[in-house]
There are 2 protein chains.
Amino acid sequence: MSKVTINVVAKHAGVSKKTVSRVLNDEPNVSAATKEKVKAVFKELGYRPSPVARGLATNRSFLIGLVYDNPNKAYVSDIQNGALSVCNDKGYHLLINPIDHESDDLLLSIEKLWTESRLDGLVLTPPFSDMQPLIAMLDQLNADYVRVGATLFGEDIHAKIDEEPVRASHLSPCVISNDEQAAFEMTRYLISLGHDKIGFVKGHPDHPVTEQRYEGYLKALRAAGLIENPDYIVQGMFDFRSGEDCGRQLLSLDDRPTAIFASNDYMAAGILKVASQKGIAVPHELAVTGFDNAPIARHLWPSLTTVKQPIEEMAAAAIEQLLARSSDRLQMDSVLVVRESTAPFQSAS
Amino acid sequence: MSKVTINVVAKHAGVSKKTVSRVLNDEPNVSAATKEKVKAVFKELGYRPSPVARGLATNRSFLIGLVYDNPNKAYVSDIQNGALSVCNDKGYHLLINPIDHESDDLLLSIEKLWTESRLDGLVLTPPFSDMQPLIAMLDQLNADYVRVGATLFGEDIHAKIDEEPVRASHLSPCVISNDEQAAFEMTRYLISLGHDKIGFVKGHPDHPVTEQRYEGYLKALRAAGLIENPDYIVQGMFDFRSGEDCGRQLLSLDDRPTAIFASNDYMAAGILKVASQKGIAVPHELAVTGFDNAPIARHLWPSLTTVKQPIEEMAAAAIEQLLARSSDRLQMDSVLVVRESTAPFQSAS
DNA sequence: GATACTGTTGACACCGGTGTCAAGTTGACG
DNA sequence: CGTCAACTTGACACCGGTGTCAACAGTATC
């Protein structure tokens with residue numbers, strides 16, 4: 001019942017604790033015989049090394065912080081699960097840190113998190129990945145961090161601190177998706193269905209992905225030889241209500257679009273609601289698509305064609321980058337999820 | 001730039017490290033003068049005690065594990081946030097552990113979690129709160145844990161181990177809500193709107209809350225002098241699709257109910273879909289209510305009247321119980337959230 | 001056979017705190 | 001003024017691991 005420490009194991013195996021430590025860490029220069037002997041004692045006594053003691057000795061905490069925006073977005077569980085899977089594999093623990101991205105003492109609380117908890121690494125998710133002051137602070141703290149879904153890189157984001165310029169070795173890794181490409185493909189898909197009057201609902205103007213998704217839409221139109229119609233491009237805010245507003249606006253046009261591409265699923269849901277109120281049949285009179293593959297996309301009626309980003313994989317890759325102390329920029333691909341809300345264009349009866 | 005440890009502080013303040021430690025922990029028997037002096041040095045050097053070192057010395061990890069079911073249920077973020085708020089206050093960290101409740105090596109992985117990570121406490125959420133073998137294992141490991149939303153107590157859940165009976169001091173605390181009461185009130189609310197043909201969609205038969213919610217429904221009917229109609233009581237599985245099935249079943253009845261109370265919001269969403277397909281207007285021809293106040297409830301159209309449990313508060317209370325080493329059973333109240341999916345009964349035109 | 005080199009092992013200090021205990025200081029009381 | 005108790009403080013061991021370095025093989029080189 002008493003605790004099994006390295007000392008107990010050492011005594012039991014008739015070797016020094018240092019040798020036990022060597023076996024623990026798979027260090028070279030241990031004879032096969034002693035290694036076997038010690039390993040046998042591990043099993044016999046059910047020995048578990050103490051992460052706390054190891055942490056003290058090596059100045060590590062085996063803790064990784066995950067920072068994400070507070071609102072209960074559904075994708076946070078994907079991020080968490082992706083990050084967790086790698087953490088568990090490598091003996092690290094994940095500390096989740098929902099923070100309001102508009103909070104005044106955001107910098108302070110993240111600094112406190114870093115210094116107080118002695119984290120071994122920090123994962124930033126949008127919109128934190130692109131906060132210049134935050135990055136500058138982390139660089140100055142000499143923190144190890146990885147940015148997920150970032151849109152700014154290089155000198156645009158890494159502060160140049162006059163006294164002590166950021167060293168090259170200090171560049172943080174990134175794991176990103178390609179929203180522009182995904183939006184391009186979604187738009188191309190709508191065009192391939194025969195639509196040429198495609199409305200677009202932009203996202204919140206402060207959010208960096210907004211511009212990327214919009215760009216993808218525009219490029220696809222142009223690539224198909226279509227000309228964008230300003231009436232068809234409206235400004236949303238990423239929430240359900242703004243989706244309704246934009247839907248009303250687009251669907252009240254005399255020459256209304258036959259397809260609407262909303263920059264996220266919540267806004268697409270708002271459009272579906274307006275369409276239903278107006279008696280416009282989706283998908284046959286109107287195709288609607290979203291972005292993000294939020295849980296709601298499956299439950300809507302009709303279920304929503306959307307873009308699924310590899311969130312879980314991205315989070316997992318982020319942790320791997322972090323632990324490998326890499327400084328690469330990794331890009332991962334999104335996929336189209338085609339459901340019931342899109343159909344070939346049918347000319348009005 | 002070099003690390004500020006307790007030794008540095010001690011030297012700087014001209015006292016022993018033990019005295020610094022005393023100030024850190026607000027121990028008595030330190031003169032006001034030295035206490036002030038040391039605290040001044042804390043500020044001057046920006047000293048932060050190392051949780052790792054403290055943990056090694058006191059045999060604590062300052063880690064608390066949170067176990068919940070893997071599926072991306074929306075309420076997990078409420079649980080997480082509630083638990084986090086208290087953890088942060090008290091200097092603990094929260095380790096999240098999504099586990100599939102049907103997993104074969106569930107016991108093994110939780111045992112591993114407990115022993116490997118040297119947790120200071122464990123929070124069990126449904127359905128883990130009521131797993132007898134799990135509780136038995138934790139009792140045997142002498143683990144500190146708290147059960148959230150449990151339905152079984154006392155000898156029904158605490159295993160009686162022959163060799164070494166569970167000591168009274170070892171009873172785990174619980175934090176629970178009152179689903180039966182909430183279901184009672186929701187049903188009473190529907191009755192108060194004039195409905196007397198109220199359908200009920202039961203939840204997954206394995207889930208303990210299923211019975212509680214059903215009981216509340218029945219008791220409210222009886223309290224109002226109504227007689228339950230077996231045709232109006234159907235078996236769901238807590239998911240969207242089963243909601244559709246149950247909705248079709250109930251709404252195909254010759255004498256169909258004028259209100260349907262689904263045991264959760266996803267099933268209620270399925271019913272809304274079927275009602276929409278059948279051209280039955282909600283809320284005027286049919287009132288629909290759910291349970292749980294899932295995010296979807298706000299986004300549905302019409303938005304859903306439902307029951308909101310104080311999830312966040314329960315999780316916070318759970319951590320507090322755990323850290324206080326209490327063994328109380330705390331019950332917290334749910335509230336009705338009335339939205340657009342319910343309206344007074346209108347006799348058919 | 002002496003020398004150098006590689007591989008194996010353990011003694012010991014150290015990480016940054018806390019617990020124990022004894023020594024020094026102070027003040028109350030007889 | 002001496003005695004004793006209460007308060008204040010520090011020396012030192014300890015928590016359970018890792019890093020450094022030296023001692024001691026055993027083997028290759030000349």
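Protein chains get the first letters and strands the later ones, always in sequence-line order, with residue 1 at the start of each. All values reported here derive from a predicted model rather than from experimental measurement.
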| said: Looking at B:Val148, is its backbone amide N or carbonyl O close enough to the side chain of B:Ser129 to form a donor-acceptor pair, meaning the two atoms are under 3.5 Å apart? | reply: yes
| query | Looking only at side-chain N and O atoms, does A:Thr19 come under 4.0 Å of OP1 or OP2 in C:dT9? | reply | no
| field | Side chain to side chain, A:Ser61 and A:Asp120, heavy atoms closer than 4.5 Å | value | yes
| request: Examine distances only and state if a side-chain atom of B:Asp130 and a backbone atom of B:Leu152 form a donor-acceptor pair shorter than 3.5 Å. | output: yes
| D:dT8 phosphate, OP1 or OP2: any side-chain N/O from B:Thr34 under 4.0 angstrom? | no
| field | Contact letters for nucleotides 15-24 of chain C, in which S counts primed atoms plus P, OP1 and OP2 and B counts the base, heavy atoms under 4.0 Å | value | BBBBBBB---
| field | Close side-chain approach of B:Ser103 and B:Asp105, heavy atoms under 4.5 Å | value | yes
| CG of B:Asn29 versus C1' of D:dG10: gap in Å, rounded? | 14 Å
| Is the count of non-hydrogen atoms from other residues, nucleotides or ligands lying under 6.0 Å from A:Asp104 atom CG greater than 12? | no
